[in-house]
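Worksheet: the structure to be examined is printed underneath.
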Amino acid sequence: MKRLLIAAVAAMALYSPAVSDACSRVVYQGVDDLRIVGRSLDWKTPIPTNLYVYPRGMHKVGNTLPGSVEWTSKYGAVYAVSYDGGVTEGMNEKGLVVNGLFCKGTVYVNQSTEGRPPMSLSMFVAWMLDLNATTPEVVAALREQNFTISGATFDGGTVSALHWGITDAEGRTAILEFDHGQVVVYEGDDMPVLTNDPAYPQMTAINDYWINVGGANMLPGTVKSPDRFVRASYFDKHVAATADADTAVAIARSIMVNVSVPYHYTVDYEPNVSSTQWRSYANTRDLRYYFDFVTNLGVYYIDLNRCDLRPGASVLKYDTSKNTGAVGDITSFLVKSAPFSPMY
């Protein structure tokens with residue numbers, strides 16, 4: 001694992017002690033280049049999340065403030081858009097996956113970041129997916145990009161303190177964390193798990209202790225972030241490897257259920273623990289993006305290979321609130337849509 005300090009990006013200090021911090025992300029490694037990136041999103045209340053497919057060649061802005069970052073997308077992508085206002089995660093047509101998870105110790109701002117071109121958190125994931133095909137490209141872009149991050153409040157005044165897991169089709173991963181105005185990037189081929197706090201080095205130290213204990217003998221069982229990290233790491237390394245996509249999704253799904261927080265479960269002394277609302281599974285080889293609301297009866301997916309991603313093609317949308325009974329391939333049920341309106 002290589003640790004890179006990148007002079008970075010920043011923003012308003014987006015830390016709130018009231019936010020939920022129970023999300024998990026796991027990369028399942030199969031055979032024949034098959035990888036499934038699973039993640040859970042946990043929150044105190046249901047988060048309306050719709051799926052959008054954007055084509056290549058779209059001009060976008062990172063904010064509405066003067067001098068904001070602007071770009072034209074090189075790659076088409078599927079986005080999970082929460083509140084129809086911000087990209088939580090997604091996968092592009094090259095198999096690059098970006099997942100944003102809460103990390104309450106995150107601080108985006110320092111004095112050196114003032115005056116840099118604005119970038120909203122609602123568009124940050126889209127910027128990474130639109131312009132990069134691989135994890136190393138994202139890291140290189142972060143080195144070169146000069147911008148400052150900010151984000152709108154939502155859900156009763158909550159602000160987003162985040163870190164990100166990045167995975168490409170070749171299995172290269174990176175963890176991005178913001179530390180007082182600097183981005184700290186951890187890179188490697190064996191970094192399959194990300195949860196929340198503490199910061200990544202401390203989390204791996206905790207996991208190293210449990211590796212010595214031996215997961216076949218004992219595993220920590222609470223819904224706290226370190227416990228979920230340890231369980232996910234153990235099972236991810238001890239399940240069978242397969243080349244079959246359906247089996248791989250089933251395996252990844254079983255791991256994610258194991259580290260999810262039961263629906264309507266609360267802990268009185270842990271206000272930051274919240275129920276799992278939805279899970280996703282990104283197949284980076286076959287370009288299928290699966291979605292799994294815990295209140296729905298089935299899992300469905302979008303096949304990017306079947307989407308028109310050519311410049312000038314329409315934005316497509318799947319309204320999850322109107323299609324609660326869907327199962328399987330929903331690509332043909334995508335409808336033409338206006339782009340979502342970012343919550344800058």
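Each of L41, V97, L194 was scored for a side-chain contact (heavy atoms from CB on, under 4.5 Å) with R25, with one residue passing: L194. Each of T49, D42, D292 was scored for a side-chain hydrogen bond (donor to acceptor under 3.5 Å, both in side chains) with W278, with one residue passing: T49. Between W164 and the options Y200, F124, Y186, a ring pair (Phe, Tyr, Trp, His ring centres under 6.0 Å) holds for only F124.
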Could you check K336 against D308 for salt bridge (charged side-chain N to carboxylate O under 4.0 Å, His left out), going step by step and ending with a plain yes or no?
CA-CA 11 Å; K336 294 180 180 180; D308 186 356; over 6 Å; no
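Note on ring orientation: taking the six-membered ring where Trp is involved, the planes of F291 and F293 are perpendicular (angle over 60°, cut-offs 30° and 60°). Taking the six-membered ring where tryptophan is involved, the planes of W71 and W127 are perpendicular, since the angle between them exceeds 60° and thus also 30°.
Side-chain atoms of N207 and Y234 include no donor-acceptor pair closer than 3.5 Å. In the model, R39 has no side-chain atom that pairs as donor or acceptor with a side-chain atom of N99 under 3.5 Å. Under 3.5 Å, the side chains of D329 and T331 contain a donor-acceptor pair of N or O atoms. The closest side-chain donor-acceptor pair between S24 and R228 falls under 3.5 angstrom. The closest side-chain donor-acceptor pair between R279 and S260 falls under 3.5 angstrom.
No more than 12 heavy atoms of other residues, nucleotides or ligands lie within 6.0 Å of NZ in K94, so this atom counts as exposed by the packing criterion.
Clustering ILVMFWY residues whenever any of their side-chain heavy atoms sit less than 4.5 angstrom apart, transitively, puts L96 in a cluster other than the one holding Y75.
Panel note: side chain T173, backbone G188; a donor-acceptor pair is recorded below 3.5 Å. When atom types are taken as modelled, the side chain of R310 and the backbone of P55 share no donor-acceptor pair closer than 3.5 angstrom.
Aromatic ring centres of W210 and F229 lie farther apart than the 6.0 Å criterion allows. Ring to ring, F333 and Y300 are not that close: their centroids are 6.0 angstrom or more apart.
With a 4.5 Å cut-off on side-chain heavy atoms, N283 and Y281 do not count as touching.
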